[in-house]
Amino acid sequence: MNTILEVRNLSKVFGGGSKTTVRAVDDVSLSIEEGSTFGLLGESGSGKSTLARLIPRLIEPTSGEIIYKGRGLQHLKDRELRTIREQIQIVFQNPFSSLNPRMTVRQLIGEPLIVHKRSSGAALEQQVRDMMNLVGLNPEHTHRFPHEFSGGQRQRIGIARALILEPKLLILDEPTSALDVSVQAQVLNLLVDLQKKLRLTYLLITHDLSVVRYMCDQVALMYLGKIVEQGEKDHVFHSPMHPYTAALLKDIPSTDPDQRMLEQVSLEADIVSAPWSGVGCRFSPRCPAAQTGQCKTIEPQLIGLPERQQVACHLVHTIPET
Ligand code: SF4
């Protein structure tokens, strides 16, 4: 398979003063294969949604590289960037707030075609109707407004709007978290079907383990702006190596004897109530396995294990005490 997207050492720093500076995304690298689904998993505040917006440069990175189909995006001028953005689209989390309530479905789905000068008139009308059909909406309802649809149908409108320019890479930012449980599976099944039909690649942002388990080929776990573990979903879910991953997955028993200690890890505090001092491992304020010494003083690096996942933890990569 070919690599469609590569992110190298990407960082985003918000704020100017040293006390107000937030490193929302901190030296993140990842690579996504064409036709696959890459899951980015983490709690609220982990930086995953910021990373999603950095990729098509909806917000500008502070440093690092974004390479789409072999082409660096960070120095592209507006016109070239617009062309690339036709191929990289985002489906936003909340279909209740992401759709303009004053626009009809025809306007909402057809707008990208007009903005990018791709279609107009009767041809546009037909494309909108075909797209509604494809995502399971009734094409007779083109003149309805968003409030006339259910939550699941509104997310289908959001998906149709993202797909109308025939993108190759779809960034799905918590695509089902605002929906009733009863319709979440329908939307996920639709995304799986569309991926097969249209040969799409997905970057799926979520805090929901079951969504990752169902959808993803690769997974990365983010904590306070950093990836702490990443690899094949089956490796990570079968044998989580980082205490944070193990805590999130603790309901899934592992058969790997090396994992038994990690399975005891549980998360009592949250990101806000256990702030990181900025020195040592950023997970150390919440990590029951933290050791005084290296965990408190040295930031662990993301290092690959032979034929397995990459992990950033001193427990896994034992280093001498200083
Ligand atoms: Fe826990 Fe130390 Fe590993 Fe950080 S480096 S996750 S504090 S054991």
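Sequence positions, counted from 1, serve as the residue numbers for this chain. First listed ligand is number 1; within each ligand, the first listed atom is number 1. Note that this is a predicted model, so its numbers are computed, not measured.
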K.L.:
What protein N/O/S atoms lie closer than 2.8 Å to atom 4 (Fe) of ligand 1?
P.N.:
Cys281 SG
K.L.:
State which residues pass side-chain contact (heavy atoms from CB on, under 4.5 Å) with Arg156; sequence neighbours excluded, sorted by chain then number.
P.N.:
Val135, Leu137, Gln186, Leu190
K.L.:
What I want to check is whether the side chains of His314 and Gln294 have a donor and an acceptor closer together than 3.5 Å.
P.N.:
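No donor-acceptor contact under 3.5 Å links the two side chains.
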K.L.:
Side chains of Tyr223 and Glu229 only: does a donor on one sit below 3.5 Å from an acceptor on the other?
P.N.:
no
K.L.:
Report the residues that fulfil side-chain contact (heavy atoms from CB on, under 4.5 Å) with Asp173, sequence neighbours left out, ordered by chain and then residue number.
P.N.:
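Applying side-chain contact (heavy atoms from CB on, under 4.5 Å) to Asp173 gives Ser49, Arg53, Ile205.
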K.L.:
Can you tell me if Gln301 uses its side chain to pair, donor with acceptor, with the backbone of Glu299 under 3.5 Å?
P.N.:
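Yes, because the side chain of Gln301 sits within donor-acceptor range (under 3.5 Å) of the backbone of Glu299.
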K.L.:
Sequence neighbours left out, what passes salt bridge (charged side-chain N to carboxylate O under 4.0 Å, His left out) with Glu232? Give chain and number order.
P.N.:
none
